[in-house]
Amino acid sequence: MRSRVGKRDRANLHGGEHHLTMSAKIRVRFAPSPTGYLHVGGARTALFNWLFARQNGGVFVLRIEDTDLDRSTAESEEGLLRDLRWLGLDWDEGPGIGGPHGPYRQSQRLEIYKKAAHLLVEKGRAYPCFCPEEILEAKRRKAEAEGLPHHYDGTCKRLSREEVKRRIASGEQYAVRMTVPRKDAVLEDLIRGHVEWKAETLGDFIIMRSNGMPVYNFCVVVDDSDMEITHVIRGDDHLTNTHRQLIIYEAMEKPLPLFAHVSMILGSDKTKLSKRHGTTSVGQYAIDGYLPEGMVNFLALLGWSEGNDKELYTRDELVAGFSLGRIGKSAAVFDPVKLSWMNGTHIRQLSPERLAELVAPVLRQAWPQDQRLSDPAFLSKAALLLQNHLEVLKEAPTLLATTLQGGPPENDEAAAALKFPGVDALYAAFLDELGRIEWKREAINEALKAAGKKTSMKGKGLFMPIRVKLTGNCHGPDLGLIIDLLGLEEVRRRLELV
RNA sequence: GGCCCCAUGGUGUAACCGGUUAACACGCAGCCCUCUCAAGGCUGAGAGCGGGGGUUCGAGUCCCCCUGGGGCUACCA
């Protein structure tokens, strides 16, 4: 299905001005830093990249940005990969897979950055800077106090070739600084449209630290360029970084990718989404029994819409319907209530067998001793009974507790149902009917009706005593399903209990 | 402070190049279905499109200003 070309779709076509599009195969990347868990914002960025790649038969690259050695951990990286896999966002190149543009961890690409930086110095687009951090800091403070823009003053740019050579030879430590051209920068962003920065907004900035480690903005450009990324789809927080990156691209004489800056996800109070707003970790949602298809569906609609009323999507439908041009500009509030609802709709779409598979471990954890929970037929029936009641898998034990365990009336209302006149005759009649049928759902319902007829009970008077006697509760799933699940022996046991 | 981005009901979104009573979904209320609870169906309340100026016969949609929120401003990513 082709989506019609709207106002914003047209913005896509501006890509023609850039060098790296049309003929080249589409290549996108998700580049998280392994300094924590995968949060929903990152997941949504990854999803948009993945959808775009899959839709266009492109390549989805996963790159680990771990140049901050202090904060990056292996566990964090593993968690990231695990959660991405859980969401079904498989990558074509990256950790665990490899690919022609590796390595895919920045910590393993140090030589590449060094080479690139030296090349820029040789070309005169960057220069060594010997200024000690403390002095720079002091100058910055002073300028700030006076309310002036605090840009690097260019001290080391004016150094003579000989002096530079001498100081390097003498082992002096130095950073590498970009020479920022006196030229305004322009970005045609696929989502934000035309964005520009005045030249004087930016001073010469560092691309290699004096300890030899590259700086983020530099790595990104070197890697995206090296990995032949055609579309950089990333968070809004990188929009202003693009100014520096544009300058680096130009200095390196590398073709530009297209950029698409996606807005942030906010918490209920419209501030940046954080732990205090509730669960933000994708891994936690997995543990809590959300479905990846529910999560993906929900995330896709946070900032994107096909332009119609459709809200419930399968993965394939998302791949088919997605377009960068229809991503909105404004930040979106993460609404866990709607996520739960949406997850529920996806649970209802599952086959009872599939739901049984998913819910089995949760139930077994709640009742490790219950033998019935290893019987697929039993689980399937349990799933049937749960299906309209679950929003999240982990609710299953609570919902099933009274059915599985039975028990005395839970409150006065339930107790009252057991005192309806003639209930003992009803139990007996019902058990009698049950005893002579072939155990099938329709037959169970027939038996229920027949017992009602025999004892002149119907409606509440018929169902409630049996329901309460069986489960101790006057609310719950369809009574026929409960009886089918429990089986004749168990039903008999519970109904005969005095 | 400087620069950049954003702004439709409580929330997510829709409203094609400006032109019907601003639509859909979540949530909320009610009704129907029903043994109950859900699910499902239906109905309703809820925004006049952050505020103010323009442009126009006509603006949520274009322009300007303001306000609010967010981001960047580092030898963090």
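The sequence lines fix the lettering, A, B, ..., with proteins before strands; numbering per chain opens at 1.
- Just one residue in the list A:R315, A:E311, A:H346 forms a side chain to side chain donor-acceptor pair (under 3.5 Å) with A:N297, and that residue is A:H346.
- For A:S210, no side-chain nitrogen or oxygen approaches OP1 or OP2 of B:C75 to under 4.0 Å.
- Within the 4.0 Å cut-off from OP1 or OP2 of B:C37, not a single side-chain nitrogen or oxygen of A:R467 is found.
- With a 6.0 Å cutoff to the six-membered ring centre and a 45° limit on the axis angle, A:R167 counts as a cation-pi contact of A:F130.
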Please set out all donor-acceptor pairs under 3.5 angstrom arising from side-chain atoms of residues 33-43 of chain A, sequence neighbours excluded.
residue, atom, partner, partner atom, Å
A:Y37, OH, A:T280, OG1, 2.8
A:H39, ND1, A:G41, N, 3.3
A:H39, ND1, A:G42, N, 3.4

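- Remark: A:K460 fails to qualify as a cation-pi partner of A:F463 under the 6.0 Å distance and 45° angle criteria applied to the six-membered ring.
- Between the NE2 atom of A:H151 and the P atom of B:C3 there is a distance of 11 Å, rounded to whole Å.
- Rounded to an integer number of Å, the gap from A:L385 CG to B:A38 C1' is 11 Å.
- The CZ-P distance, from A:R44 to B:G12, rounds to 11 Å in whole Å.
- Residue A:D237 is classed as a sugar-phosphate contact, given heavy-atom separations below 4.0 Å to backbone atoms only.
- Comparing atom distances between the A:D68 side chain and each of B:C76, B:G12, B:A15 picks out B:C76 as nearest.
- Classification of the A:F322-A:F48 ring pair by plane angle, with boundaries at 30° and 60°, yields tilted.
- Judged by distance alone, the side chain of A:T271 and the main-chain N or O of A:G267 form no donor-acceptor pair under 3.5 Å.
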Please output the side-chain donor-acceptor pairs of residues 200-210 of chain A that fall under 3.5 Å, not counting sequence neighbours, one pair per line with the distance.
residue, atom, partner, partner atom, Å
A:T201, OG1, A:K198, O, 2.8
A:D204, OD1, A:V180, N, 2.8
A:D204, OD2, A:Y127, OH, 2.6
A:D204, OD2, A:K157, NZ, 2.8
A:R209, NH1, A:P214, O, 3.1

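- For the side-chain contact (heavy atoms from CB on, under 4.5 Å) test with A:V333, the passing option among A:I265, A:D269, A:L266 is A:L266; the others fail.
- Sequence order on RNA chain B of the closest nucleotides to A:C131 and A:D309 puts A:D309 first from the 5' end.
- Atom CG in A:N241 sits roughly 18 Å away from atom P in B:C3 (whole-Å rounding).
- Nucleic acid contact for A:D66: none, since no nucleic acid atom lies under 4.0 Å from a heavy atom of the residue.
- A:I206 comes within 4.0 angstrom of a base, heavy atoms only.
- Counting to the nearest Å, the C1' atom of B:U73 and the NE2 atom of A:H238 are 15 Å from each other.
- For the OP1/OP2 pair of B:C75 and a distance below 4.0 Å, the side-chain nitrogens and oxygens of A:R140 include at least one atom meeting the criterion.
- Residues from residues 345-355 of chain A that place a heavy atom under 4.0 Å from any atom of RNA chain B, listed by number: A:R348.
- Applying side chain to side chain donor-acceptor pair (under 3.5 Å) to A:Q106 and the options A:D68, A:D223, A:D66 leaves one that passes, A:D223.
- Comparing B:A47 with B:A14, their C1' atoms are spaced 14 Å from each other, to the whole Å.
- Among the atoms of the strands shown, none is found under 4.0 Å from any heavy atom of A:S340.
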>> Can you give me the dot-bracket string for RNA chain B, 5' to 3', counting Watson-Crick and G-U wobble pairs with both distances under 3.5 Å, using [ ] for crossing pairs and | for partners on another strand?
In response: (((((((..((((.....[...)))).(((((.......))))).....(((((..]....))))))))))))....
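- One can place CE of A:M342 at 17 Å from P of B:C24, the figure rounded to the nearest angstrom.
- In this structure, A:L390 places its CG atom 14 Å from P of B:A38, rounding to the nearest Å.
- With its glycosidic angle more than 90° from 0, B:G10 adopts the anti conformation.
- Ring stacking is absent between A:W341 and B:C26, as the pair misses the limits of under 5.5 Å between centres and under 30 degrees between planes.
- Listed in residue order, the members of residues 264-275 of chain A having a heavy atom less than 4.0 Å from RNA chain B are A:K270, A:T271, A:K272.
- Heavy atoms of A:G459 sit under 4.0 angstrom from primed sugar atoms or phosphate atoms, though from no base atom.
- Across all strands shown, A:S33 has heavy atoms under 4.0 Å from sugar-phosphate atoms exclusively, and none from any base.
- As rounded to the nearest Å, B:G70 and B:U56 have C1' atoms that lie 33 Å from one another.
- With sequence neighbours left out, the ring-ring contact (aromatic ring centres under 6.0 Å, His included) criterion links A:F218 to no other residue.
- Using P as the reference atom, B:G51 and B:U67 are 15 Å apart when rounded to the nearest Å.
- Heavy atoms of A:E311 sit under 4.0 angstrom from at least one base atom.
- Here A:R209 reaches the OP1 or OP2 of B:A77: one of its side-chain N or O atoms lies under 4.0 Å away.
- On the C1' atoms, B:C49 is 40 Å away from B:C37, given to the nearest whole Å.
- B:G27 and B:C42 have their P atoms separated by 15 Å, given to the nearest Å.
- The base of B:C3 is not paired with the side chain of A:T240 by any donor and acceptor separated by under 3.5 Å.
- Within the 4.0 angstrom heavy-atom criterion, no nucleotide atom of any strand lies near A:Q387.
- For B:G70, neither phosphate oxygen OP1 nor OP2 lies less than 4.0 angstrom from any side-chain nitrogen or oxygen of A:R192.
- Between A:N388 and A:Q106, it is A:N388 whose nearest contact on RNA chain B lies nearer the 5' terminus.
- Contact annotation for A:G344: no contact, since no heavy-atom pair falls under 4.0 Å across all strands.
- Contacts of A:L301 with the nucleic acid, taken as non-hydrogen atoms under 4.0 Å apart, involve only primed sugar atoms and P, OP1 or OP2.
- In this model, the phosphate group of B:C6 is approached by a side-chain N or O of A:K329 to a distance below 4.0 Å at OP1 or OP2.
- As rounded to the nearest Å, B:C26 and B:U43 have P atoms that lie 13 Å from one another.
- Residue contacts shown for A:R234 are absent, as no nucleic acid heavy atom lies under 4.0 Å away.
- Side-chain proximity of A:S330 to the nucleotides B:A77, B:A7, B:C75 is greatest for B:A7.
- Taking atom CH2 of residue A:W304 and atom C1' of nucleotide B:U13, one finds them 11 Å apart after rounding to whole Å.
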